[in-house]
Asker: 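Submitted below is the structure of interest, expressed as structure tokens.
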Amino acid sequence: MEYNFREIEQKWRRIWAEQQTYKVETDENKEKFYVLNMFPYPSGAGLHVGHPLGYIASDIYARYKRLQGFNVLNPMGYDAYGLPAEQYAIETGQHPAITTETNINRYREQLDKIGFSFDWNREIRTCDAEYYHWTQWAFQEMFNSYYCNACQKAQPIQNLVAHFAAQGTAGLDVACSEELQFTADEWNAMSDVDQQKVLMNYRIAYLGETMVNWCPVLGTVLANDEVVDGVSERGGHPVEQKKMKQWCLRVSAYAGRLLNSLNTLDWSDSIKETQRNWIGRSEGTEMQFRVKDSDVEFTIFTTRADTIFGVTFMVLAPESELVAQLTTDAQRAEVEAYLDATKKRTERERIADRRVTGVFSGSYAVNPFTGQEIPVWISDYVLAGYGTGAIMAVPAHDSRDYAFARHFDLPIIPLIEGADVSEESFDAKEGIVMNSPVAGVETRGGFSLNGLTVTEAIAATKKFVTEQGMGRVKVNYRLRDAIFSRQRYWGEPFPVYYKDGMPQMVPADCLPLCLPEVTKFLPTETGEPPLGNATRWAWDTEKHEVVDNALINHKTVFPLELNTMPGFAGSSAYYLRYMDPRNHEALVGDKAGAYWKNVDLYVGGSEHATGHLIYSRFWNKFLFDLGVSRSEEPFQKLVNQGMIQGRSNFVYRIKDTNTFVSLGLKDQYETTQHNVDVNIVSNDVLDTEAFKAWRQEFANAEFILEDGKYICGNAVEKMSKSKHNVVNPDMIVEKYGADTLRLYEMFLGPINQSKPWDSNGIDGSFRFLRRLWNLYFDKNDAFCVTDEAPTKDNLKTLHKLIKKVSEDIEDFSYNTAVPAFMIAVGELAQQKCQSRQILETLAVLVAPFTPFVAEELWEKLGHAETVFNAQWPEFCEEHLKEDTVTLGISFNGKTRFTLDFPADASKETIEQAALSDEQSAKYLEGKQVVKVIVVPGRIVNIVIK
RNA sequence: GCGCUUGUGGCGAAAUUGGUAGACGCGCCAGACUUAGGAUCUGGUGUCGCGAGACGUGUAGGUUCGAGUCCUAUCAGGCGCACCA
């Protein structure tokens, strides 16, 4: 029987769908295993062959686990909110919901062809109200929570209110935007609105006035990870800093936990390192500086408290609130000019152009250790968002301070013995401290660091500062709170309305609050977000429903929030929803949550290292504090699949003609290079007829061939429509079948490596499948598996394969598992193996890779054993034992000859035998045996001298 | 600048973790079957050399009986962070 993949695959696709083969339920009798892919954004371009790479890898693992008897959850869904659909809507007026629906249907069609074992009953879409109900719910929970530093956990905001009412801010250790101080009496005397304002300082989801990345072209703010090199990640538009009132998530409160529990994860070192970098823990000291002739005191943060005696100036960030306080009248004009100039620079300009700029404020700070006066400057090299927005500058030991001091001719005092600071600063934290203080200078309490190492000096200063109440030891994180508002239409609406200017939550039992219809997807004429175009977008607190904006004058009707949530809102807890996707009462029910717990294996691209994978971990930790998530970490093991790049083909057109010259001859002419559709090129040979038909302009093309062929040039580029190098999985499935596609994608190279797609090699995978098929069917198409006993060779081949495949699947070395199949099938064919016992097992082994053909074979075999036996690898040893070891006699670095011994011979036996052997004795005569090296199954050596 | 990572045939890549470098696949060459071959099957294929043989894992050293693998230096590419005090 010919290997008719079309018939086979069609048949099993139908059966799997009809019988819901991959539907999964909680089952207490089985151990769970949760496999998850990062869900896709359904773009209009559809899938190319790079997209399924990770899905295939995880599907192989899911099928493998299932064959081992695990209850495997392997769901799929869509991250359906996003900019492209909205941009398309703005351009064409087509509602994003329609575009999204169309794209999803296309994705589904493409995915279905590839034979994934997804449980589609659990499909979710982030834009479904049923789904975003729980995104809104989580937001409200965050609004109603604060973070307790003492217990390292989110707490209900009522607890905080109770604390304020009883003792004000005394004894409070909680995460906040700003340190506040008030008494219980003061709290109790506050108006309701004032109390709400105070609480906003502590909520985990809060409305904050912060510097944001504003992108004027997109008309929206962006999160830090959505800004790359000073331009927007999507579209590459310029981004500027702007102070705006926005919803924020207090991610920074979780920085410590996000950092610490990284150690418990089975993720690659590079991703963990990237996250550590992004979180950016830094242990240092906060110190108070008094301003000369003023009551003002301000705080700075430093990791080099030991350099306090080298401080020659202070610097404030231009956005710092201290700037207004410390600028003297004499300097005001100059400072304001500077602030104006900095404000105009975009983030990109600041990065590109690192000129040293700054201005003197006119004020002096007082060194708390020596009483010396230090000028206070303002410069944009100090960031408002990190630490306190103010620094003490030590030009001798910080390269940035050094550049600044040189530029403005400020003094530089070296503090480390032997450090030469005439050309550059000495930044290393090493050496012996001197000039601390400089001779003759009196210090508070006679404090001195001279003679200590830097490490000792840092510790001594910290201790002194704490004891003297001059400051405190502080851990700072680079991780900022996430800006959670977007001025877009196509996102989750906030379940929030405004009363007296303060945000109020729409009652939880009224959720979901559905996205309103609008006629235009652009901002309103008054510059409000697109939801400002909705005519029915007000909340009636009495009727508990959305009502017409016209009713806002009524006492019970209030305007709803016009911003929507960002893309990461919907993708942060989706893995929890898959556990229980149709639950109307909760994000995830107790039973399902306790059973599935968390994701055992998560597969996706490493580009989400600082975005999704941080937000999702944060979101999960919050839900864990609430008791909704059952695990401190959402994704236990993470595998990052590499990107598949495109392999472009080129034709060479002779200038000013319609004649194309083959690659090898192109240097004889003056030519221009053109990308040609890779789908009309095979092994770099152009199908000239298809080329003529491809484009009108090439209809009359002429060709200069070599050896009767037109050879195209090639190059590795990003896979994109404009380069005509997009290879579509449907076309591969159509031509070779899904099993071949799956096998080939895995064979291409290590899963975590980026590699170019090359359709040329796919024939090899297809040939393998045909050879596999031919083991079961003879030339006359008859099923030829018999009950004959397997031979020793059969067993050896099989067990070699079992061992290799089990090990390789376990550590995702699919690219070496595939060759193992090829070798085994080749050997079994040579051995003319027809033994059912062997072939049955073989069919099970390949099933994760090529599920269609495996199902077909199982059926033909009478559905015999279809279980991947966990004990198989242990049985292997017996069959894989080598009969002999070979002893190589090396002399002067050359193997002179070899002797064979039984595999279980001891070193002593081998040594004796070698010495008594006539031939070897010739070499060994008069030599001393140093050692005998025996490695089972290998050539071994006797070392002599 | 800091951190991570990768360098092996014409190409994608293997290498039991210190033990016969280049498995397997593509491509290429030869042969078989064919009216035909972008089908199928068989054999060959690191480089130089007619040959025996010599040389070969970015480069230069080192450790070792033995190094793609370990150590030191160096070069090149990729990724991430980047005025974070």
Side-chain angles (χ1 to χ4, degrees), chain A residues 228-229 268-278 280-282 284-285 300-305 307 315 317 350-351 354 356 379-383 385-394 397-401 403-404 427 476-480 606-607 609-610 640 642-643 647 682-685 687 709 714 716 743-744 747-750 752-768 770-771 803-804 807 813 815-823 826 880 886 888 890-895 898 930-945:
Chain A
V228 178
D229 292 333
S268 76
D269 288 340
S270 65
I271 290 265
K272 285 200 219 177
E273 200 52 37
T274 303
Q275 292 220 339
R276 285 192 194 104
N277 252 321
W278 190 259
R281 183 180 195 274
S282 159
T285 315
I300 59 96
F301 174 79
T302 180
T303 53
R304 294 295 302 273
T307 59
V315 188
R350 264 173 82 149
I351 291 166
R354 290 205 180 169
V356 176
S379 173
D380 68 358
Y381 86 86
V382 173
L383 304 177
Y386 183 75
T388 60
I391 63 154
M392 62 179 214
V394 186
H397 302 291
D398 182 286
S399 53
R400 298 152 300 183
D401 298 343
F404 195 83
D427 290 18
N476 258 334
Y477 293 95
R478 206 180 66 92
L479 186 70
R480 315 289 165 82
S606 56
E607 68 273 16
T610 53
N640 296 116
M643 282 241 288
R647 188 176 183 279
S682 174
N683 287 340
D684 290 338
V685 176
D687 181 336
K709 294 172 186 167
N714 67 76
V716 173
L743 206 63
Y744 184 60
F747 179 65
L748 217 48
N752 55 351
Q753 234 169 64
S754 286
K755 57 231 159 192
W757 175 263
D758 184 356
S759 296
N760 292 342
I762 201 162
D763 288 321
S765 299
F766 184 65
R767 271 196 277 267
F768 161 76
R770 208 163 36 206
R771 285 185 196 138
K803 192 156 188 274
K804 180 79 178 143
E807 288 169 1
S813 306
N815 58 318
T816 55
V818 175
F821 282 116
M822 293 179 172
I823 293 166
L880 295 180
T886 308
S890 311
F891 188 59
N892 281 354
K894 275 182 202 169
T895 301
T898 59
V930 178
K931 56 182 163 180
V932 178
I933 301 159
V934 180
V935 183
R938 289 235 151 247
I939 288 184
V940 296
N941 286 300
I942 278 197
V943 181
I944 55 180
K945 68 176 182 186

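All values below come from the heavy atoms of this structure, side chains included, with hydrogens, waters and symmetry mates left out. Chain naming here is simple, since letters A, B, ... match the order of the sequence lines and numbering starts at 1 in each.
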Asker: With rounding to the closest Å, how many angstrom separate the C1' atoms on B:rG51 and B:rG78?
Answerer: 45 Å
Asker: Should A:M392 and A:V315 count as side-chain neighbours, where that means a heavy-atom distance under 4.5 Å?
Answerer: no
Asker: Send over the distance from A:D398 CG to B:rG1 P, rounded to a whole Å.
Answerer: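 Those two atoms, CG and P, are 17 Å apart.
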Asker: Name the pairing partner of B:rC48, where a pair is Watson-Crick or G-U wobble with both distances under 3.5 Å, or state none.
Answerer: B:rG53
Asker: Write down the distance separating the C1' atoms in B:rG56 and B:rG37, rounded off to the nearest Å.
Answerer: 38 Å
Asker: To the nearest Å, give me how far apart CG (A:N640) and P (B:rC79) are.
Answerer: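 Interatomic distance, CG of A:N640 to P of B:rC79: 16 Å.
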Asker: Say you pick atom C1' in B:rG49 and the same atom in B:rU40; how far apart are they, in whole Å?
Answerer: 36 Å
Asker: Using purine N1 to pyrimidine N3 plus N6-O4 or O6-N4 for Watson-Crick, or N1-O2 and O6-N3 for G-U wobble, both under 3.5 Å, which nucleotide pairs with B:rC41?
Answerer: B:rG31
Asker: When syn is taken as a glycosidic angle within 90 degrees of 0, is B:rG66 syn or anti?
Answerer: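 What B:rG66 shows is an anti base, its glycosidic angle lying more than 90° from 0.
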Asker: Okay, side chain of A:S268, backbone of A:I271: is any donor-acceptor separation there less than 3.5 Å?
Answerer: yes
Asker: Between A:S282 and B:rA85, does any side-chain N or O lie under 4.0 Å from OP1 or OP2?
Answerer: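 For B:rA85, OP1 or OP2 has a side-chain N or O of A:S282 closer than 4.0 Å.
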Asker: How far, in whole Å, is B:rC24 from B:rC41 if one measures between their P atoms?
Answerer: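 Nearest-Å result for B:rC41 against B:rC24 at atom P: 16 Å.
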Asker: Between B:rG78 atom P and A:I271 atom CD1, what is the distance in whole Å?
Answerer: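 It is 19 Å, rounded to the nearest whole Å.
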Asker: Select one nucleotide: of B:rA85, B:rA13, B:rC83, the one nearest the side-chain heavy atoms of A:Q753.
Answerer: B:rA13
Asker: Identify which nucleotide among B:rA13, B:rC41, B:rA15 has an atom closest to any side-chain atom of A:R771, counting heavy atoms from C-beta outward.
Answerer: B:rC41
Asker: So, does A:K755 use its side chain to make a donor-acceptor pair with the main chain of A:P750 at under 3.5 Å?
Answerer: yes
Asker: State the pairing partner of B:rC2; accept Watson-Crick or G-U wobble contacts with both distances under 3.5 Å, and report none otherwise.
Answerer: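 Looking at the geometry, B:rC2 pairs with B:rG80.
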Asker: B:rA85, B:rG38, B:rA15: which one has an atom nearest the side-chain heavy atoms of A:D687?
Answerer: B:rG38
Asker: Within the structure shown, what part of the strands sits under 4.0 Å from A:N760 by heavy-atom distance: base, sugar-phosphate, or nothing?
Answerer: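 Since only primed, P, OP1 and OP2 atoms lie under 4.0 Å of A:N760, the category is sugar-phosphate.
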Asker: Take atom CZ of A:R304 and atom P of B:rA85, then tell me their distance rounded to the nearest Å.
Answerer: 12 Å
Asker: Under 4.0 Å, heavy atoms only, any strand: does A:N815 hit a base, just the sugar-phosphate, or nothing?
Answerer: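 If one applies the 4.0 Å heavy-atom cut-off, A:N815 turns out to touch the sugar-phosphate alone, with no base involved.
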Asker: Please give, in whole Å, the distance from B:rC26 C1' to A:R767 CZ?
Answerer: 9 Å
Asker: Have a look at A:I391 and tell me which of A:D398, A:T302, A:D401 forms a side-chain contact (heavy atoms from CB on, under 4.5 Å) with it.
Answerer: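 Output: one option passes, namely A:D401.
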Asker: Do A:D427 and A:S399 have side-chain N/O donor and acceptor atoms under 3.5 Å apart?
Answerer: yes
Asker: Scan A:I823 against the nucleic acid and name what it touches under 4.0 Å (heavy atoms): base, sugar-phosphate only, or nothing.
Answerer: sugar-phosphate
Asker: When the aromatic ring centroids of A:Y744 and A:W757 are compared, is their separation below 6.0 Å?
Answerer: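 Yes, close enough.
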Asker: Just compare B:rG80, B:rA82, B:rA13 and give me whichever is closest to any side-chain atom of A:N277.
Answerer: B:rG80
Asker: Would you mind reading off the distance between A:W757 atom CH2 and B:rC11 atom C1', rounded to a whole angstrom?
Answerer: 15 Å
Asker: Out of B:rA82, B:rG3, B:rA85, which nucleotide sits closest to the side chain of A:E273?
Answerer: B:rG3
Asker: Find the partner of B:rU69: check Watson-Crick (N1-N3 plus N6-O4 or O6-N4) and G-U wobble (N1-O2, O6-N3) distances, both under 3.5 Å, and reply none if neither fits.
Answerer: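 When the pairing criteria are applied, nothing turns out to pair with B:rU69, so the answer is none.
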Asker: Which whole number of Å gives the distance between the C1' atom of B:rC29 and that of B:rG19?
Answerer: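 Taking atom C1' in both B:rC29 and B:rG19, they lie 34 Å apart.
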Asker: Let's see if you can work this out: which of B:rC24, B:rA13, B:rC81 has an atom nearest to the side-chain heavy atoms of A:F747?
Answerer: B:rC24
Asker: Hey, can you tell me if A:Y381 and A:F404 have their rings parallel, tilted or perpendicular (30° and 60° cut-offs)?
Answerer: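 Ring orientation of A:Y381 relative to A:F404: tilted.
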Asker: What is the nucleic acid contact for A:R480, judged by heavy atoms within less than 4.0 Å: base, sugar-phosphate only, or nothing?
Answerer: base
Asker: With both distances under 3.5 Å as the test, what is the Watson-Crick or G-U wobble partner of B:rU17?
Answerer: none
Asker: Looking only at atom C1', what distance separates B:rC11 and B:rG1, rounded to whole Å?
Answerer: 37 Å
Asker: Could you tell me the Watson-Crick or G-U partner of B:rG9, where both distances fall under 3.5 Å? Say none if there is no partner.
Answerer: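 Partner of B:rG9: none found under 3.5 Å.
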Asker: If you check every side-chain atom of A:T303, which of B:rC83, B:rG27, B:rA85 has the closest atom?
Answerer: B:rA85
Asker: With a 4.0 Å cut-off on heavy atoms, is A:P750 in touch with a base, just the backbone sugar-phosphate, or nothing at all?
Answerer: sugar-phosphate
Asker: Sticking with atom C1', work out how far B:rA23 lies from B:rU45, rounded to a whole angstrom.
Answerer: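 It works out to 15 Å between them.
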Asker: When you compare B:rU42 with B:rG10, how far apart are their P atoms, in angstrom units rounded to a whole number?
Answerer: 27 Å
Asker: Between P on B:rC81 and CZ on A:R478, what's the gap in Å once rounded to a whole number?
Answerer: 8 Å
Asker: Could you check which of B:rC83, B:rA85, B:rA13 has an atom nearest any side-chain atom of A:K755?
Answerer: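 For A:K755, the side-chain atoms sit closest to B:rA13.
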Asker: What does A:R276 touch in the nucleic acid at a heavy-atom separation under 4.0 angstrom: a base, only the sugar-phosphate, or nothing?
Answerer: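 Result for A:R276 = nothing.
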Asker: It should be established whether A:Y381 places a side-chain nitrogen or oxygen under 4.0 Å from OP1 or OP2 of nucleotide B:rA85.
Answerer: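 Indeed not, no polar side-chain atom of A:Y381 lies that close.
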Asker: Just how far, in rounded Å, is P of B:rC4 from CG of A:N752?
Answerer: 17 Å
Asker: Quick one: does A:Q275's side chain have a donor or acceptor within less than 3.5 Å of a partner on A:A609's backbone?
Answerer: yes
Asker: Would you call B:rU5 syn or anti, using the 90° rule around 0?
Answerer: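 Anti.
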